[in-house]
Q: 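One structure follows; several queries about it will come next.
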There are 2 protein chains.
Amino acid sequence: MAETRWLDEREMAAWQGFLEATSRVSRHLEQQLKEDAGLSHPQYEILVRLSGTPDGEVRMTDLAEGLVTSKSNLTYQVGQLEKRGLVRRRSCPTDVRGVLAALTDEGRDVLRAAAPGHVAAVREALIDVLERDEIDVLARALGRVGARLRPPRQGTGSADSGGSGTSSS
Amino acid sequence: MAETRWLDEREMAAWQGFLEATSRVSRHLEQQLKEDAGLSHPQYEILVRLSGTPDGEVRMTDLAEGLVTSKSNLTYQVGQLEKRGLVRRRSCPTDVRGVLAALTDEGRDVLRAAAPGHVAAVREALIDVLERDEIDVLARALGRVGARLRPPRQGTGSADSGGSGTSSS
DNA sequence: ACAAGGAGGTTTGAATTTGAACAACACGTA
DNA sequence: TACGTGTTGTTCAAATTCAAACCTCCTTGT
């Protein structure tokens, strides 16, 4: 193996900063979310993703692809949400084996109630700490990092994955 | 409460990019580290922190402060490391109740063997994906973010809690 | 139509992680 | 010196997370 290319000072600073910011922000938000709405962060993300579709329904597979957790964990989380009545399972009409996670009215309510606090926490922990330029750079750079590490989908063909398709309305 | 200041498009992009990059990088490194050296990421960090001191010894409290995990988890992780002979527990000479985690020769060996692969993975997942400018911005911005979130406990001395920090342009 | 192969979710068993309760000790004060 | 308070690290029960095994069903080739 060739000699290891160790990190120079600024690379080290970036890496450690990334690590610490990552951990602290994650923990901070998780606590805030749990106190505010009794939801874990994955659960909140599931609700957000469901509310992002016109029907409030998403297939488990698509949900697992968007989130970073494993399939089994998704099953667990949806189970927890269903236990609280925030989500309901339905069979996919086109695929019998497919399962749709559907947001209930109560779930939409809980999400609506939790969102302001969450956004405020995100601002306080990350967004409002950054300058405008930094926000842009973060979005572009980290977007690239995340996309590059996305599980290799079959049939993608081109190694190009620069699509900036993060559209949320 | 005043109206919620929702995230605009670029803030949203930064936040989602941060979230996804965070999760994927974390997961990627954890897997790489576990396959390469049989260490979890927290364990690796513990070894790194121990090797960073001249004696290879750090008090549990200081260790817990540097890492982001809880005290109980630190006890567990050090226990795992001790079980493999990579770390040894010693009583602190000045404080009877204090415990020093000491890096063994074998632990130093394992760390030395694991470091190159880890650095390579960090490069592949994050550093080498970024431009020079982006690395600098990341280091500065995320360093600030992490530092700002550092004391999740009672403040030392200054009772300041956000009075002057919120800069709105 | 029927068997082989693959995809979609769930279940299982283990490992990790957390918060709270606990025992032992240091420090300060009367 | 004796007492109350805060610290230090561990233990405990419970929740979360993961990878691998599993079952059901779709799709394809013959």
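Values in this document were obtained by computation on a predicted structure and should not be read as measured data. Labels below follow one simple rule: chain letters A, B, ... track the order of the sequence lines, proteins then strands, and each chain is numbered from 1.
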Q: What is the distance from CZ of A/Arg59 to P of C/dT10, rounded to the nearest Å?
A: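 About 14 Å, once rounded to whole Å.
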Q: Can you check the A/Leu33 CG to D/dT16 P distance for me, whole Å?
A: 13 Å
Q: Could you pull out all residues at least two apart from B/Ala37 that satisfy side chain to side chain contact (heavy atoms under 4.5 Å, CB included)?
A: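 Only B/Leu39, B/Ala114 meet the side chain to side chain contact (heavy atoms under 4.5 Å, CB included) criterion with B/Ala37.
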Q: Would you kindly give the CG-to-P distance between B/Asp62 and D/dT7, to the nearest whole Å?
A: 14 Å
Q: Output one letter per nucleotide in nucleotides 13-23 of chain C: B when a protein non-hydrogen atom lies under 4.0 Å from the base, S when only the sugar-phosphate is that close, - when neither is.
A: --SSBBBB---
Q: Give me each pair satisfying side-chain hydrogen bond (donor to acceptor under 3.5 Å, both in side chains) with a member in residues 22-38 of chain B, each pair once, sequence neighbours excluded.
A: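 The answer is A/Thr22-B/Thr22, B/Glu20-B/Arg24.
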Q: Please tabulate the protein-to-nucleotide N/O contacts below 3.5 Å involving nucleotides 23-27 of chain D, giving atom names and distances.
A:
from	atom 1	to	atom 2	distance (Å)
D/dC25	O2	A/Arg97	NH1	3.3

Q: Below 4.0 angstrom, which residues in residues 16-23 of chain A have at least one non-hydrogen atom near DNA chain D?
A: none
Q: Answer yes or no: does atom CG of A/Asp8 have more than 12 heavy-atom neighbours from other residues, nucleotides or ligands under 6.0 Å?
A: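 Enclosed: over 12 neighbouring heavy atoms sit under 6.0 Å from CG of A/Asp8.
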Q: Take atom CG of A/Leu67 and atom P of D/dT16, then tell me their distance rounded to the nearest Å.
A: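 Checked: the CG to P distance equals 16 Å.
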Q: Please, which pairs that meet ring-ring contact (aromatic ring centres under 6.0 Å, His included) have at least one residue in residues 60-86 of chain B, sequence neighbours excluded?
A: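 Matches after skipping sequence neighbours: none remain.
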Q: How many Å lie between NZ on B/Lys83 and P on D/dT10, as a whole number?
A: 14 Å
Q: Could you state the CZ-C1' distance from A/Arg90 to C/dG8, rounded to the nearest angstrom?
A: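 Rounded to whole Å, this separation is 18 Å.
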Q: Quick one: ring-ring contact (aromatic ring centres under 6.0 Å, His included) pairs with a partner in residues 96-146 of chain B, sequence neighbours left out?
A: B/His41-B/His118, B/Tyr44-B/His118
Q: Tell me every residue that passes side chain to side chain donor-acceptor pair (under 3.5 Å) with B/Arg144, counting only those two or more places apart in sequence or in another chain.
A: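 With neighbours one apart ignored, the set is A/Glu134.
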Q: Run through the side-chain heavy atoms of Ile, Leu, Val, Met, Phe, Trp and Tyr, join any pair under 4.5 Å, and report what else lands in A/Val68's cluster.
A: none
Q: Through direct or indirect side-chain contacts below 4.5 angstrom among Ile, Leu, Val, Met, Phe, Trp and Tyr, which residues connect to A/Val137?
A: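 When side chains under 4.5 Å apart are linked, the cluster holding A/Val137 also contains B/Val137.
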Q: Per the side-chain hydrogen bond (donor to acceptor under 3.5 Å, both in side chains) rule, what does the pair list look like for residues 123-133 of chain B, sequence neighbours excluded?
A: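 Only A/Glu11-B/Arg123, B/Arg123-B/Asp128 qualify under side-chain hydrogen bond (donor to acceptor under 3.5 Å, both in side chains).
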Q: Report yes if at least one side-chain N or O of B/Arg89 is closer than 4.0 Å to OP1 or OP2 of D/dT10; otherwise report no.
A: yes
Q: Quick check: closest heavy atoms across A/Ala121 and A/Leu29, and the distance to 0.1 Å?
A: CB-CD2, 3.4 Å
Q: Give me each pair satisfying side-chain hydrogen bond (donor to acceptor under 3.5 Å, both in side chains) with a member in residues 86-95 of chain A, each pair once, sequence neighbours excluded.
A: A/Glu57-A/Arg90, A/Glu82-A/Arg89
